[in-house]
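To start, the structure itself, in structure tokens.
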Amino acid sequence: MPDMPRQAHPRRLHPLAADFFDRPADTVARDLLGAWLVVRGADGRLRRHVVFETEAYLGGHDLACHGSKGMTARNAAMFGPAGRWYVYLCYGMHWMLNIVTGAEGLPAAVLIRGVGEHVGPGRVTKALGINRSFDGRPASRRVGLWLEPGGGRVPPRLVERTPRIGVGYAGAWAEKPLRFVVDPARLSTINNKGRPQP
DNA sequence: GCAGTGATCATA
DNA sequence: ATGATCACTGCC
């Protein structure tokens, strides 16, 4: 029997690396829409969740950014090189997952606020079992938590920009449109070209 | 609408 | 040592 028309073979995806993250946080936040957050479970199995909501924290000049008050034990990872995780505990209960962006010494990062069917940054980390142990570590297969490219750039008309959530203390910075959202339902169509995993 | 929750950091 | 703060969530 001749070959069946083959389903596109799942592209062997390489994790997004430092060069992707070594750009302004708002650019990275925008471009992460449609990317995959991949986590290796305790059983060794990989789970993929498509990123649909992010927020950019631009650096020391951004009053909503933890780095704006200088380096502390908590936010040290933000000052490190791009492509590492910055994870911290919020309200004593919720782990917040960020990927560090930009040059070493610039405290910038992107908060991952929504992936797959998980809405809200605290829910994302809870669902994926992410905690402090990832803080400061490179986003890589070795660590067991990384990001991979999606099926293509999400069209601008599908990207909604709003002010960031929960940063009312930041004055004018609270109003900057640095939150990026795309409807996950639209994403699944786009990403089927790049092959999702159930 | 607001209580829960506890690490973190500035102040002392 | 103490107290304010907090990039949130869940239940009232």
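Proteins come first, then strands; the chains are lettered A, B, ... in the order of their sequence lines, and each starts at number 1. Note that the structure is a prediction, hence the values are computed from the model and not measured.
Taking side-chain N and O atoms only, A/His94 has no distance below 4.0 Å to OP1 or OP2 of B/dT5. OP1 and OP2 of B/dT8 both lie 4.0 Å or more from every side-chain N or O belonging to A/Thr72. Phosphate contact (OP1/OP2 of C/dC6, side-chain N/O of A/Arg74, threshold under 4.0 Å): absent. Listed pair A/Tyr88 / C/dC6 fails the phosphate criterion, with no side-chain N or O lying under 4.0 Å from OP1 or OP2.
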Dot-bracket encoding per residue of DNA chain B, Watson-Crick/G-U cut-off under 3.5 Å, | denoting interstrand: ||||.||||||.

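Using bins of under 30°, 30° to 60° and over 60° for the plane-to-plane angle, the ring pair A/His118/A/His49 lands in the tilted bin.
A/Met78 comes within 4.0 angstrom of a base, heavy atoms only. Residue A/Ala73 is classed as a sugar-phosphate contact, given heavy-atom separations below 4.0 Å to backbone atoms only. Among the protein residues, A/Met93 comes within range of the nucleic acid bases, having at least one heavy atom under 4.0 Å from a base atom.
Salt-bridge annotation for A/Arg164 and A/Glu55: absent, with no side-chain N of the basic residue lying under 4.0 Å from a carboxylate O of the acidic one. Salt bridge status for A/Arg48 with A/Glu148: present, with a side-chain N to carboxylate O gap under 4.0 Å. A salt bridge does not link A/Asp26 to A/Arg161: none of the charged side-chain nitrogens sits closer than 4.0 Å to a carboxylate oxygen. The pair A/Asp31-A/Arg23 meets the salt-bridge criterion, with a side-chain N (NZ, NE, NH1 or NH2) lying under 4.0 Å from an Asp/Glu carboxylate O.
Computed from coordinates, the A/Ile165 CD1 to C/dT9 C1' distance equals 14 Å when rounded to whole Å. Atom C1' of nucleotide C/dA7 and atom CZ of A/Phe180 are separated by 15 Å, given to the nearest angstrom. Here the P atom of nucleotide C/dT5 and the CE atom of A/Met96 are 20 Å apart, to the nearest Å. Taking atom CG of A/Leu89 as the reference point, atom C1' of B/dG6 lies 7 Å away to the nearest angstrom. When rounded to the nearest whole Å, the span between CZ of A/Arg179 and P of C/dA7 equals 16 Å. We find that OH of A/Tyr169 is positioned 14 Å from P of B/dA10, with the value rounded to whole Å. A straight line from OH of A/Tyr91 to C1' of B/dC9 spans 16 Å, rounded to a whole angstrom. Counting to the nearest Å, the C1' atom of B/dC9 and the NE2 atom of A/His66 are 12 Å from each other.
By the criterion of a centre-to-centre distance under 5.5 Å and near-parallel planes under 30°, the ring of A/Tyr57 forms a stack with the base of C/dA7.
Closest to the side chain of A/Arg132, from the set B/dG4, B/dT8, B/dA7, is B/dT8. The side chain of A/Arg123 sits closest to C/dG10 out of C/dG10, C/dC8, C/dA7.
For the pair A/Leu32/A/Val110, a side-chain contact is recorded, criterion being any heavy-atom separation below 4.5 Å from C-beta on. Using a 4.5 Å heavy-atom threshold, the side chains of A/Tyr86 and A/Arg74 count as touching.
Closest heavy-atom contact between A/Gly59 and A/Ala108: N-CB, 4.1 Å.
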